[in-house]
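Written below as structure tokens is the structure these notes are about.
Index from 1, following the sequence. Values below: all heavy atoms of this structure, side chains included; hydrogens, waters and symmetry mates excluded.
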Amino acid sequence: MHAMVLSARGAPLVLQQRADPVPGPGEVRVKVGACGVCRTDLHVVDGELPDISYPIVPGHEVVGRIEAIGSGVKDLVLGMRVGVPWLGHTCGECFYCRSDKENLCDRPKFTGYTRDGGFASHLVADARYCFALGEHGDDVALAPLLCAGLIGWRSLVMAGDGKALGIYGFGAAGHIVAQLARSQGRTVYAFTRSCDQEAQRLARLLGAEWAGGSEERPPIELDAAIIYAPVGELVPLALRAVRKGGRVVCAGIHMSDIPAFPYNILWGERQIISVANLTRKNGIDFLDAAAKADIRTHTTVFPLRKANEALAALKDGRLVGAAVLQP
């Protein structure tokens, strides 16, 4: 197999050849067809997440086919197309696992962060955390659903049932969630970097009622806002945009510091909440909803060896939609 390997914080990924991984009990080896590039991969590469053990292979929006099966695996068969998401393992024993909140597990493992991920031709995954994807749709189009879509779905649920929804950061997750929200009869207001005309154009194309810069006020008060950009300065802006009783959802795993803000923009029973990972039930629910809503992802494809270029394009805001690697 070959993989793009991160050897140290901030180092460029290097293409390496390795022995084919052997799945252990309860595991499967997946031949990667496509792997999306997520902002969390940037946080891994830049060392912004704690306790990274090097070397590590990033990537957690994996679509591929099962090539080998370890002992004890049920319900998965050779050749089946599966998705491998961010949450790669939970302990099953802590308070959160026993309370149907496995996304908050005390001893989790994460694909592409604490276990090798999908910036590779193959990876080994815990079979219990793989999603059967069926045969509808191509690998590239499906890859962004495995994190941008999954976290987008959880953040949309946590935003509540309000009809006027703001989306701050109209990238991979934002453009998927906009379609989901529209399918639910909501009105979408998209916020981007002030100069990002292409993202604003995509938002309007996907049915957004309004699209503008993040520092602008929308034409109406919002019922809820979801922040996908990892920028703490957006939190006060979103609070000012939502009505009394409104909710601001911070959907990223990492965000820059939130600046001090006056209490009066929080007062009126406005809420700030965060999203942490997802449960397997979230994944099943989302994949069903995405199929019914006929979600279409907008992607830019890079060969695996150009993973560094894909990450740079994401970091610099040069992507519209999502980047996807193919071995």
Taking all heavy atoms of [X] and all of [Y], pick out the closest pair and write down the distance.
X	Y	value
A127	V28	CB-CG1, 4.1 Å
I52	V44	CD1-O, 3.5 Å
L76	C130	CD1-CB, 4.4 Å
L6	A11	CD1-O, 3.3 Å
D116	P55	OD1-O, 4.4 Å
A132	M80	CB-SD, 4.2 Å

Assess whether atom [atom1] of [X] is packed by more than 12 heavy atoms of other residues, nucleotides or ligands within 6.0 Å.
X	atom1	result
R9	CZ	no
R318	CZ	yes
D316	CG	yes
N264	CG	yes
R182	CZ	no

Problem - Criterion side-chain contact (heavy atoms from CB on, under 4.5 Å) on I69 and L78, from CA distance to verdict - result: CA-CA 7 Å; I69 298 177; L78 293 174; 3.9 Å; yes
Under a 3.5 Å distance rule, please check whether [X] uses its side chain to pair with a backbone N or O of [Y] as donor and acceptor.
X	Y	result
S121	M1	no
R81	G64	no
Q179	R296	yes
R217	R240	yes
S214	T192	yes
R29	H122	no
T297	A141	yes
E102	R280	yes
D41	C38	yes
R39	A172	no

Would you compute the distance between atom [atom1] of [X] and atom [atom2] of [Y] and round it to the nearest 0.5 angstrom?
X	Y	atom1	atom2	value
R201	D196	CZ	CG	10.5 Å
T187	I220	OG1	CD1	6.5 Å
L133	L146	CG	CG	6.0 Å
I284	F131	CD1	CZ	6.5 Å
H175	L180	NE2	CG	10.5 Å
E216	Y189	CD	OH	14.0 Å

Check the hydrophobic clustering (I, L, V, M, F, W, Y; side-chain heavy atoms under 4.5 Å; chains of links allowed) and say if [X] and [Y] are grouped together.
X	Y	value
V84	I176	no
V77	V30	yes
Y113	F119	yes
I253	V37	yes
W153	L142	yes

Practice task
Apply side-chain contact (heavy atoms from CB on, under 4.5 Å) to T40 and L49, showing your working.
Solution key: CA-CA 9 Å; T40 302; L49 302 185; 4.1 Å; yes
Handout entry: Residues R65 and E135 bridged, charged N to O under 4.0 Å
Key = yes
Practice task
May I ask you to decide whether D46 forms a salt bridge with K315, counting only side-chain N to carboxylate O separations under 4.0 Å?
Solution key: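 Salt bridge: yes.
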Any side-chain heavy atom of [X] sitting closer than 4.5 Å to one from [Y]?
X	Y	answer
M4	N308	yes
D285	V157	no
D20	E67	no
V275	V249	yes
L87	P108	yes
Y168	V248	no
F170	L206	yes
L165	I226	yes

Practice task
Identify whether NZ of Lys or CZ of Arg in R154 sits under 6.0 Å from the centre of the six-membered ring of F286 and within 45° of that ring's axis.
Solution key: no
Practice task
Hey, can you tell me if H60 and W86 have their rings parallel, tilted or perpendicular (30° and 60° cut-offs)?
Solution key: perpendicular
Problem - M255 vs V235, side-chain contact (heavy atoms from CB on, under 4.5 Å): CA-CA, chis, key distance, verdict - result: CA-CA 10 Å; M255 179 180 273; V235 174; 4.0 Å; yes
Problem - R270 and K244: CA distance, side-chain angles, deciding distance, side-chain contact (heavy atoms from CB on, under 4.5 Å) verdict - result: CA-CA 6 Å; R270 295 174 178 88; K244 289 184 287 187; 3.7 Å; yes
Handout entry: Qualifying residues under side chain to side chain contact (heavy atoms under 4.5 Å, CB included), relative to A173, sequence neighbours excluded
Key =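 A148, Y228.
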Practice task
Classify the side-chain pair Y129/T90 by whether it contains a donor and acceptor separated by less than 3.5 Å.
Solution key: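 The answer is yes; a qualifying pair exists.
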Problem - Pair H89, R128: side-chain N/O donor-acceptor within cut-off below 3.5 Å - result: yes
